[in-house]
Amino acid sequence: MQEFIQAIESAIVEATGLEAGSFSLEKPRKAELGDFAFPCFLLAKRDKGNPAKIAGELAGKLNEALDGIEAIATGPYLNFKVDRGDLARSILNGVLSAGEAYGNSEVGQGKTVVIDLSSPNIAKPMSVGHLRSTVIGAAIQRLHDALGYKTVGINHIGDWGSQFGKLVAAVDRWGDTVDLEGDPIKSLLALYVRYHEEEENDPVLQAAGRAAFQELESGVDGHVRAVWRKLTQLSMEEFNRTYARLNVSFDEVRGEAFYEDYLEPTIQRIVDAGITEESEGALIVSLKEFGENVPPCLLRKSDGTTLYATRDMAAVFHRYELYHFHRCLYVVGGDQRLHFQQLKYVLQRMGLDWEDRVEHVAFGMMRLPEGKMSTRKGQVVFLEDVLDRAAEEAGKIIAEKNPDLEGAAEIAEQVGVGAVIFNDLKRERVKDIEFVWSEVLSFEGDTGPYVQYTHARLASILRKSEAGALEGTPDYAALAESAPLLLALGQFPGVLEKAADRAEPSELTQYLLGLAREINSWIAANRVLGQEPGVTTARLQLVDAARIVLARGLSLLGVAAPDSM
RNA sequence: GCGCCCGUAGCUCAGCUGGAUAGAGCGUUCGCCUCCGGAGCGAAAGGUCACAGGUUCGAAUCCUGUCGGGCGUACCA
């Protein structure tokens, strides 16, 4: 498809003297108008003329220059229509020869992208809120992989901080009242909740919590550390089960504890940069120069321990030194905007020119109809339950519509989990999501299962076709009416680039929904099997190409594409 | 108070580096399984693009202000 765009653009450059790259072609309002559009307003401004008249004159010139592409003036627009046979040949050959690699490119060659994703907290169950970071981050990583970047997905586990002192204190006090080994996460959650209920009126408990964290940070490998290690191990075992279901893996799983040995050197480095100061007993970096009300970045509390910001500073230095990243993406909720802004401000004050490669990929909150989720208040929906219920619903539908399906249980899991993932990636990531069961469990309309179903239908047609039908001589003219679908397939590579650049997986989900809609209409109107051999071959090629793009798109999102369901 | 994010159909959302009559899904109503999968297809109804100014030949899109919602605002993460 790129070849047509280039041909048109260079013909326009030739005919008008506009600079290449100073304009770009648009998609016509309606498919009947043409395949590509060039609005003539810019030219009208430059030449102080009437845009409609200019379009008319230009059409004449371009029709002489272009071969196999017709230029049609429609009012102030100049629309281009590629010869139907050429369009089908070019796009289908492009997709079919690349196969599963269609859409991949080399634009990221030699560049490294570090992605910080998921980052659950030890000792707390994963809620549907953690789903967002995991699923968005993993999709962004796969998109960059497809574009040739070297990617490093890091799961920055929340395994450090004062709450672990509290947790150790709670385990010490009440550990034998819960079943830590049998059901670790729920037990730890219960202890965590109990600690917060009782600490307010119990200074001894408060002191025990603080002391435990101080011991943890001091590096002493004693009782506190042993308990902490146990909690971490038990939690990770549970998390890994969920990651397996979501089909997500990480290149590095590094808790904040990993940066323990880097904390002092990091603080020293920032002190050496001459930008720190003492304030109210704490070590801070003032950020007043970025705004009167920008709060300072705290590196060390008055009691000597470090903070979240200290550990993130250590992590970003470590990552830069290790990878010299081209981008470092933090897939973290929008409620932490200020934190990442401060981190970037500190880097800026240090005069580090790679500061702008650090990006906070913020996403909206997941909330319940009754309000904000809160683990402590028990106002949460656990991810495991959502996945279970979705798979169960999918299983029921399969039992009803396709009772003889082989491997039904596995496919129910793929459809159920796929629905959950797709639903999360469907809208722009900055938007808050209200968690509504009926929406998550919906498998019709703009949903993952709709796209999966479309894929399965195409796979079914291919299965039923005669051997060799795909390799016959295609009659591409028979696809004259299929231009919108062909053009949609041609857009796929561009969609991947845009989605990766913007770190916005919804670019891809929205594209796939549109493509699936286009395909379903097309199937209803064009019978594939049992036509003239040339016609069947051409349509079968289109079916195969569409199937490839849907499968590839879904896999980039982390959603399975079963051949039947 | 201050800062940031969001505001498009009854609901959930596309469209936002300005361009042709603002598009989907859900829900509602009406059609379509002697024909490759009805988790589908076709059609109808539904909009002062929060409001008010401004920039422009042209604004849902850019700028300013107002309102509404969310998040954050130094020793939690």
Side-chain angles (χ1 to χ4, degrees), chain A residues 24 26 28-30 33 37 39-42 44-45 51 74-77 79 119 121 158 160-163 166 256 279-284 286-287 291-303 305-309 311-312 332-339 341-342 362 364-365 367 372 394 397-398 400-402 415 419 423 426-428 430-434 436 438-439 442-454 456-465 506-507 509-511 513-514 516-517 520-530 536 539-540 543 564-565:
Chain A
S24 58
E26 297 178 2
R29 183 93 197 80
K30 288 216 155 112
L33 293 167
C40 296
F41 302 100
L42 262 176
K45 197 170 199 175
T74 311
Y77 289 85
N79 295 312
S119 313
N121 291 319
W160 207 250
S162 44
Q163 82 271 25
K166 298 174 183 179
E256 291 183 277
S279 172
E280 298 169 35
L283 184 69
I284 68 162
S286 167
L287 302 173
E292 200 42 45
N293 296 314
V294 179
C297 177
L298 267 81
L299 295 176
R300 205 195 319 262
K301 296 191 273 188
S302 42
D303 69 0
T305 57
T306 61
L307 294 102
Y308 179 42
R311 295 186 281 278
D312 253 356
V332 179
D335 52 349
Q336 288 177 49
R337 278 197 168 86
L338 178 60
H339 167 73
Q341 188 57 256
Q342 288 179 312
M365 314 243 319
R367 54 183 52 258
K372 196 175 172 174
I397 295 173
I398 289 170
E400 179 192 316
K401 297 182 188 272
N402 202 351
V415 173
N423 182 255
K426 193 162 75 177
R427 31 197 160 254
E428 251 189 327
V430 293
K431 297 219 155 96
D432 287 351
I433 299 183
E434 188 176 282
V436 181
S438 65
E439 243 172 70
S442 156
F443 298 158
E444 289 171 18
D446 281 351
T447 65
Y450 171 70
V451 180
Q452 290 174 314
Y453 172 74
T454 308
R457 283 183 81 181
L458 297 176
S460 170
I461 293 173
L462 287 161
R463 268 198 304 277
K464 287 182 175 146
S465 67
S506 72
E507 290 277 355
T509 47
Q510 291 296 332
Y511 165 82
L513 286 170
R517 236 177 273 126
N520 278 311
S521 305
W522 184 87
I523 291 179
N526 298 274
R527 196 180 161 79
V528 177
L529 305 178
T536 287
R539 291 186 177 164
L540 215 44
V543 165
S564 44
M565 59 189 269

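A, B, ... follow the sequence lines: proteins, then strands. Residue 1 opens every chain.
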Colleague: At 4.0 Å (heavy atoms only), tell me whether A/L33 reaches a base, stays on the sugar-phosphate, or touches nothing.
Modeller: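 Counting heavy atoms under 4.0 Å across all strands, the contact made by A/L33 includes a base.
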
Colleague: Can you tell me how far P in B/U34 sits from the matching atom in B/U48, rounded to whole Å?
Modeller: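 Pairwise P distance, B/U34 against B/U48, rounds to 42 Å.
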
Colleague: Taking only nitrogen or oxygen atoms into account, show me every contact under 3.5 Å that the protein makes with nucleotides 40-43 of chain B, one pair per line with its distance.
Modeller:
unit_1 : atom_1 : unit_2 : atom_2 : d
B/G40  : OP1    : A/G445 : N      : 3.1
B/G40  : O2'    : A/R457 : NH1    : 2.9
B/C41  : OP1    : A/Y450 : OH     : 2.7
B/G42  : OP1    : A/S521 : OG     : 2.8

Colleague: In whole angstroms, how far is the P atom of B/G25 from the CG atom of A/N423?
Modeller: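 Spelled out: CG on A/N423 to P on B/G25 is 17 Å.
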
Colleague: Would you check if the side chain of A/E444 reaches a backbone N or O of A/Y450 as a donor-acceptor pair within less than 3.5 Å?
Modeller: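 No.
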
Colleague: Okay, side chain of A/T306, backbone of A/R300: is any donor-acceptor separation there less than 3.5 Å?
Modeller: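 Checked: no pair found.
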
Colleague: Between the base of B/A20 and the side chain of A/N79, is there a donor and acceptor pair under 3.5 angstrom?
Modeller: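 Counting by modelled atom types and ignoring angles, a donor-acceptor contact under 3.5 Å is found here.
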
Colleague: The side chain of A/A37 lies closest to which of these nucleotides: B/C5, B/A77, B/A20?
Modeller: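 Looking only at side-chain atoms, A/A37 lies closest to B/A20.
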
Colleague: Quick check: closest heavy atoms across A/A362 and A/G334, and the distance to 0.1 Å?
Modeller: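 Looking at all heavy atoms of both residues, the closest pair is CB-CA, 3.8 Å.
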
Colleague: Could you tell me how far apart A/F41 (CZ) and B/G58 (P) are, to the nearest whole angstrom?
Modeller: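 Taking CZ of A/F41 and P of B/G58, I get 12 Å after rounding.
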
Colleague: Mind checking whether A/T447 and A/N423 have side chains closer than 4.5 Å, heavy atoms only?
Modeller: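 Side chain of A/T447 against side chain of A/N423, heavy atoms only: no contact under 4.5 Å found.
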
Colleague: Just the table, please: protein N/O against nucleotides 61-63 of chain B N/O, every pair under 3.5 Å.
Modeller:
none

Colleague: Could you report the tightest heavy-atom contact between A/G530 and A/T536, atom names first, then the distance?
Modeller: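 In this case the closest contact between A/G530 and A/T536 is N-OG1, 3.7 Å.
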
Colleague: Do any N or O atoms of the protein come closer than 3.5 Å to N or O atoms of nucleotides 11-14 of chain B, and which pairs are they?
Modeller:
unit_1 : atom_1 : unit_2 : atom_2 : d
B/U12  : O2'    : A/R427 : NH1    : 3.2
B/A14  : OP1    : A/E428 : N      : 2.6
B/A14  : OP2    : A/K431 : NZ     : 2.6

Colleague: Which part of the nucleic acid does A/S279 contact within heavy-atom distance under 4.0 Å: base, sugar-phosphate only, or nothing?
Modeller: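 Contact class for A/S279: base.
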
Colleague: Compare every heavy atom of A/Q510 with every heavy atom of A/K426, then report the nearest pair and how far apart it is.
Modeller: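 Distance-wise, the nearest heavy atoms are O-NE2, 2.8 Å.
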
Colleague: Checking all strands, does A/P28 fall into the base, sugar-phosphate, or nothing category for heavy-atom contacts under 4.0 angstrom?
Modeller: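 Here A/P28 touches the bases of the nucleic acid.
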
Colleague: Going by salt bridge (charged side-chain N to carboxylate O under 4.0 Å, His left out), name the residues that satisfy it together with A/K431, two or more places apart in sequence or in a different chain.
Modeller: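 Checked A/K431 against salt bridge (charged side-chain N to carboxylate O under 4.0 Å, His left out); matches are A/E428.
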
Colleague: Does A/P39 reach a base, just sugar-phosphate, or nothing at all? Heavy atoms under 4.0 Å.
Modeller: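 No contact at all - A/P39 keeps every heavy atom at 4.0 Å or more from the nucleic acid.
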
Colleague: So, for A/L287 and A/C297, which heavy atoms are closest and what is the spacing to 0.1 Å?
Modeller: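 Answer, listing the atom of A/L287 first, then A/C297: CD1-N, 4.0 Å.
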
Colleague: Determine the contact category for A/V294: base if any of its heavy atoms lies under 4.0 Å from a base atom, sugar-phosphate if only primed atoms, P, OP1 or OP2 are that close, otherwise nothing.
Modeller: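 Nothing: the residue A/V294, judged by heavy atoms under 4.0 Å, touches no strand.
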
Colleague: Which heavy atom in A/E280 sits nearest to a heavy atom in A/S302, and how many Å separate them?
Modeller: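 Heavy atoms of A/E280 and A/S302 come nearest at O-CB, 4.1 Å.
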
Colleague: Rounded to whole angstrom units, what separation is found between the CG atom of A/D335 and the C1' atom of B/C6?
Modeller: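 Taking atom C1' of B/C6 as the reference, CG of A/D335 is at 15 Å.
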
Colleague: Locate the shortest heavy-atom distance separating A/M365 from A/D432; write the atom from each residue and the value.
Modeller: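 The pair with the smallest heavy-atom distance is N-OD1, 2.8 Å.
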
Colleague: Looking at side-chain heavy atoms only, is the closest gap between A/L338 and A/P295 below 4.5 Å?
Modeller: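 Yes, their side chains come closer than 4.5 Å.
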
Colleague: Take atom CG of A/L287 and atom P of B/G3, then tell me their distance rounded to the nearest Å.
Modeller: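 After rounding, the gap between these two atoms is 17 Å.
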
Colleague: Can you list the stems that include RNA chain B, where a stem is three or more consecutive Watson-Crick or G-U pairs with distances under 3.5 Å?
Modeller: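 If one scans RNA chain B for consecutive Watson-Crick or G-U pairs, the stems found are B:1-7 with B:67-73, B:10-13 with B:23-26, B:28-32 with B:40-44, B:50-54 with B:62-66.
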
Colleague: Looking only at atom P, what distance separates B/U61 and B/A22, rounded to whole Å?
Modeller: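 It comes out at 15 Å once rounded to the nearest Å.
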
Colleague: Please classify the nucleic acid contact of A/T454 as base, sugar-phosphate, or nothing, using heavy-atom distances under 4.0 Å.
Modeller: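 Nothing, no heavy atom under 4.0 Å.
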
Colleague: Counting only distance, no hydrogens or angles, is the base of B/A74 paired donor-acceptor with the side chain of A/E280 under 3.5 Å?
Modeller: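 Side chain to base: pair found, below 3.5 Å.
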
Colleague: Have a look at A/A362 and say if it touches a base, only the backbone sugar-phosphate, or nothing, with a 4.0 Å heavy-atom cut-off.
Modeller: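 The answer is nothing, as A/A362 stays clear of every strand by at least 4.0 Å.
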
Colleague: Please report, rounded to the nearest Å, how far the P atom of B/A77 is from the OH atom of A/Y308.
Modeller: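 Rounded to whole Å, this separation is 9 Å.
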
Colleague: For A/K45 and B/G18, is the shortest distance between a side-chain N/O and OP1 or OP2 below 4.0 Å?
Modeller: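 No, outside the criterion.
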
Colleague: Between the main-chain N or O of A/Y308 and the side-chain N or O of A/D312, is there a donor-acceptor pair closer than 3.5 Å?
Modeller: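 Looks like no, no N/O pair under 3.5 Å.
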
Colleague: Taking B/C16 as the reference, what is the distance to B/C62 when you measure between their P atoms (whole Å, please)?
Modeller: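 The answer is 10 Å between these two P atoms.
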
Colleague: Just wondering, do A/I523 and A/V543 contact through their side chains at under 4.5 Å, heavy atoms?
Modeller: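 No, their side chains stay 4.5 Å or more apart.
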
Colleague: Rounding to the closest angstrom, what is the interatomic distance between B/G10 and B/A45 at atom P?
Modeller: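 Rounded to whole Å, the distance is 15 Å.
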
Colleague: For A/G161, which contact category applies under a 4.0 Å heavy-atom criterion: base, sugar-phosphate, or nothing?
Modeller: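 Sugar-phosphate, no base atom in range.
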
Colleague: For side-chain hydrogen bond (donor to acceptor under 3.5 Å, both in side chains), just list the numbers for A/N520 and A/Y453, CA-CA rounded to whole Å, side-chain angles, deciding distance to a tenth of an Å, and then say yes or no.
Modeller: CA-CA 10 Å; A/N520 278 311; A/Y453 172 74; over 6 Å; no

Colleague: Is any side-chain heavy atom of A/D446 closer than 4.5 Å to one of A/R517?
Modeller: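 The answer is yes; the side chains approach within 4.5 Å.
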
Colleague: Give the rounded distance in Å between these two atoms: CD of A/Q336 and P of B/A77.
Modeller: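 About 11 Å, once rounded to whole Å.
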
Colleague: Nearest-Å distance, CE (A/M565) to C1' (B/G37)?
Modeller: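 Atom CE in A/M565 sits about 10 Å away from atom C1' in B/G37.
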
Colleague: Checking only heavy atoms, does the side chain of A/S162 share a donor-acceptor pair with the base of B/A77 at less than 3.5 Å?
Modeller: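 No, the side chain and the base share no sub-3.5 Å donor-acceptor pair.
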
Colleague: Both A/N526 and A/V430 contact RNA chain B. Taking the nearest nucleotide for each, which residue is further toward the 5' end?
Modeller: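 The residue closer to the strand's 5' end, by nearest nucleotide, is A/V430.
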
Colleague: Give one of base, sugar-phosphate or nothing for A/I398, where a contact means two heavy atoms less than 4.0 Å apart.
Modeller: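 A/I398: base contact, heavy atoms under 4.0 Å.
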
Colleague: Between N or O atoms, less than 3.5 Å apart, protein on one side and nucleotides 28-30 of chain B on the other: list the pairs.
Modeller:
none

Colleague: C1' atom, B/U8 versus B/A59: distance in rounded Å?
Modeller: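 To the nearest whole Å, 14 Å.
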
Colleague: Going by the glycosidic torsion and a 90 degree boundary from 0, is the base of B/C33 oriented syn or anti?
Modeller: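 For B/C33, whose glycosidic angle is within 90° of 0, the conformation is syn.
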
Colleague: Look at all strands and tell whether A/R527 reaches a base, only sugar-phosphate, or nothing, counting heavy atoms closer than 4.0 Å.
Modeller: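 It contacts base atoms.
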
Colleague: Choose from B/C4, B/G37, B/C76 the nucleotide whose nearest atom is closest to any side-chain atom of A/Q163.
Modeller: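 Of the candidates, B/C76 comes closest.
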
Colleague: Do A/F443 and A/M565 have side-chain heavy atoms sitting under 4.5 Å apart?
Modeller: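 When only atoms from C-beta onward are counted, A/M565 and A/F443 do not touch, as no gap falls below 4.5 Å.
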
Colleague: Between atom CD in A/E26 and atom C1' in B/G58, what is the gap in whole Å?
Modeller: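 Rounded to whole Å, this separation is 13 Å.
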
Colleague: Taking atom C1' in both B/G15 and B/A24, what distance in whole Å separates the two?
Modeller: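 Those two atoms are separated by 10 Å.
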
Colleague: When we call it a touch if two heavy atoms are under 4.0 Å apart, what does A/L307 touch: a base, just sugar-phosphate, or nothing?
Modeller: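 Answer is sugar-phosphate: A/L307 comes under 4.0 Å of backbone atoms only.
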
Colleague: Considering only atom P, compute the distance from B/C13 to B/A52 and round it to an integer number of Å.
Modeller: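 One P to the other, the span is 25 Å.
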
Colleague: In whole Å, measure the gap between the P atoms of B/C67 and B/U28 for me.
Modeller: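 Looking at atom P only, B/C67 and B/U28 are 39 Å apart.
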
Colleague: Give A/L338 one of three labels, base, sugar-phosphate or nothing, depending on what nucleic acid heavy atoms sit under 4.0 Å from its own.
Modeller: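 Here A/L338 touches the backbone only, sparing every base.
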
Colleague: Relative to the 5' end of RNA chain B, which residue comes earlier, A/W160 or A/T74, by the nucleotide with the nearest heavy atom?
Modeller: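 Final value for this comparison: A/T74.
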
